[in-house]
2 protein chains.
Amino acid sequence: MTPATETEAADLRQVLQEATAEVIVERGLGAFSLREVARRAGVSHAAPGYHFGDMEGLLTALAIEGLDTLHRQTAAAAAMTTDPIERLRLIGVAYVQVGMNFPAHMEVAFRPDVVDGDHPSLQTCGTSAFGVLEDAVRDIAETHNPKLDVRKASHLCWSAMQGLVELHPKLTRLDEMSGVPASSIDDLVSSFTSLLVTGFLHADD
Amino acid sequence: MTPATETEAADLRQVLQEATAEVIVERGLGAFSLREVARRAGVSHAAPGYHFGDMEGLLTALAIEGLDTLHRQTAAAAAMTTDPIERLRLIGVAYVQVGMNFPAHMEVAFRPDVVDGDHPSLQTCGTSAFGVLEDAVRDIAETHNPKLDVRKASHLCWSAMQGLVELHPKLTRLDEMSGVPASSIDDLVSSFTSLLVTGFLHADD
DNA sequence: CGAGATATCTTGACACTGTCAAGCTGAAGT
DNA sequence: ACTTCAGCTTGACAGTGTCAAGATATCTCG
């Protein structure tokens with residue numbers, strides 16, 4: 001109720017982003033409500049708009065936070081080994097773990113219909129996260145196969161991981177319907193990485 | 001204004017689905033409006049609800065139509081060749097072309113937050129579409145590498161294609177920002193297929 | 001110390017929304 | 001001719017996002 005200090009205002013922005021993630025996870029993005037976020041944060045319905053401009057601004061801030069987390073966690077994973085192939089696998093595991101630990105953040109990160117895709121920070125964070133992956137693929141190319149098209153191979157890796165995160169619930173259901181024991185997502189990441197790297201090592205584009 | 005015959009009612013359902021796809025493409029799914037669909041179809045705001053139950057029902061019908069189209073077009077593509085490797089590439093091209101020709105259908109097809117993921121037809125169409133892909137991968141395993149885990153390899157293919165369709169706008173932008181000439185999506189499909197198949201041929205799980 | 005500026009809210013209004021219920025109309029069935 | 005039914009329309013309601021105006025506490029400056 002009382003006006004906030006700068007620190008309190010920053011705290012409120014963080015509370016609003018946490019409430020946003022909570023509402024997305026509980027209700028689905030399709031039923032997202034800015035007023036519900038305000039209620040959970042204990043402020044009036046107009047407060048989020050003051051801090052973030054509008055609903056798109058708030059969701060964009062959440063997407064930036066998500067891609068920043070993705071970048072930091074994939075960079076940390078990459079630093080855990082000097083073996084380029086193992087590095088790619090660890091990056092994949094980190095990617096999927098961020099997707100599971102921050103589902104709302106990652107869900108909005110690739111939704112041009114609800115976030116501002118032109119936002120500079122969103123693009124910068126996305127470029128940084130992609131860079132970690134591309135560096136790992138480049139290392140593989142340098143040590144095992146200089147013929148590999150690093151750019152395209154990096155695109156394939158990201159597409160595969162992004163597709164896995166999004167499709168995993170559906171693929172799991174397909175497996176269950178076929179009576180096949182579903183794989184854990186970590187297991188799939190390792191299998192995917194193995195198959196992808198095998199292709200990279202033998203590629204002769 | 002006048003009550004419809006059964007044929008006219010079916011026509012209206014089709015008109016509503018076409019208007020739905022149009023609104024999604026123009027406004028984005030995040031700003032989708034059922035009343036706008038009704039306006040474009042020239043009926044009252046309650047008519048879509050009568051035919052489809054509610055907004056989720058309408059979007060689910062669109063998703064089913066999309067997956068059915070995907071199944072039919074990937075099956076047709078698969079029938080165009082007897083070479084298993086070329087078949088997989090053609091399936092990938094067909095997948096991406098459906099994604100580009102029916103963006104609204106494919107956008108809602110994987111959105112559990114706006115469609116009814118438990119709808120039997122949605123699952124049946126999804127299973128059928130996946131089956132075309134899995135058959136192609138199985139043929140590759142039988143002719144080139146019996147050690148290949150067909151299920152996981154199929155999952156990888158679908159994840160990669162789905163990820164490509166969704167990420168292609170963002171990846172294209174990353175390429176342009178880096179001064180790299182962006183690849184066409186068909187070119188990427190061919191490169192992806194080549195890399196994936198190379199991995200499949202040499203896999204020894 | 002008081003006045004003015006500023007940041008950070010709140011309140012209220014507006015137009016739009018999805019859903020539901022009641023009612024209308026024409027065709028089909030008895 | 002009456003009843004039933006499918007396929008709508010109209011109207012109401014509660015919730016929504018955004019905007020404008022106003023309130024309040026803090027900060028700055030003379």
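Here is how names work: the chains are called A, B, and so on, in the same order as the sequence lines, proteins then strands, and each is numbered from 1.
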Working to the nearest 0.5 Å, report the span between CG of L164(A) and OG of S159(A).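 Between L164(A) CG and S159(A) OG, I get 12.0 Å after rounding to 0.5 Å.
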I need the L59(B) CG to D54(B) CG distance, nearest 0.5 Å.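 Taking CG in L59(B) and CG in D54(B), the distance rounds to 9.0 Å.
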Select one nucleotide: of [options], the one nearest the side-chain heavy atoms of [X].
| X | options | answer |
| --- | --- | --- |
| A46(B) | dT19(C), dT16(D), dC20(C) | dC20(C) |
| H51(A) | dG17(D), dT8(C), dA13(C) | dT8(C) |
| R27(A) | dT18(D), dT16(D), dC20(C) | dT16(D) |
| A47(B) | dC8(D), dG18(C), dG12(C) | dC8(D) |

Just to confirm, is there a sub-4.0 Å distance from OP1 or OP2 of [N] to any side-chain nitrogen or oxygen of [X]?
| X | N | result |
| --- | --- | --- |
| S44(A) | dC9(C) | no |
| Y50(B) | dC8(D) | no |
| R39(A) | dT16(D) | yes |

Sole candidate of L90(A), V96(A), V165(A), I91(A) that passes side-chain contact (heavy atoms from CB on, under 4.5 Å) when paired with V189(A):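 For V189(A), the side-chain contact (heavy atoms from CB on, under 4.5 Å) test succeeds with only one of L90(A), V96(A), V165(A), I91(A), which is V96(A).
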Can you check the [X] [atom1] to [N] [atom2] distance for me, whole Å?
| X | N | atom1 | atom2 | value |
| --- | --- | --- | --- | --- |
| L59(B) | dG18(C) | CG | P | 10 Å |
| E56(A) | dG17(D) | CD | P | 14 Å |
| F52(B) | dG18(C) | CZ | P | 15 Å |
| D11(A) | dC9(C) | CG | C1' | 15 Å |
| E36(B) | dT17(C) | CD | P | 7 Å |
| L34(A) | dT10(C) | CG | C1' | 15 Å |
| M55(B) | dG15(D) | CE | P | 17 Å |

Are R40(B) and E36(B) close enough for a salt bridge, meaning some N to O gap below 4.0 Å?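 Salt bridge between R40(B) and E36(B), a charged N being under 4.0 Å from a carboxylate O: yes.
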Taking atom types as they are modelled, is there a donor-acceptor pair under 3.5 Å from the base of dG15(D) to the side chain of H45(A)?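 No, the side chain and the base share no sub-3.5 Å donor-acceptor pair.
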Please confirm whether any donor atom in the side chain of R35(B) sits under 3.5 Å from an acceptor in the base of dT19(C), or the reverse.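 By the distance-only test, yes, there is a pair.
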Distance alone, cut at 3.5 Å: any donor-acceptor contact between the side chains of E166(B) and Q162(A)?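 Yes, Q162(A) and E166(B) have a side-chain donor paired with an acceptor closer than 3.5 Å.
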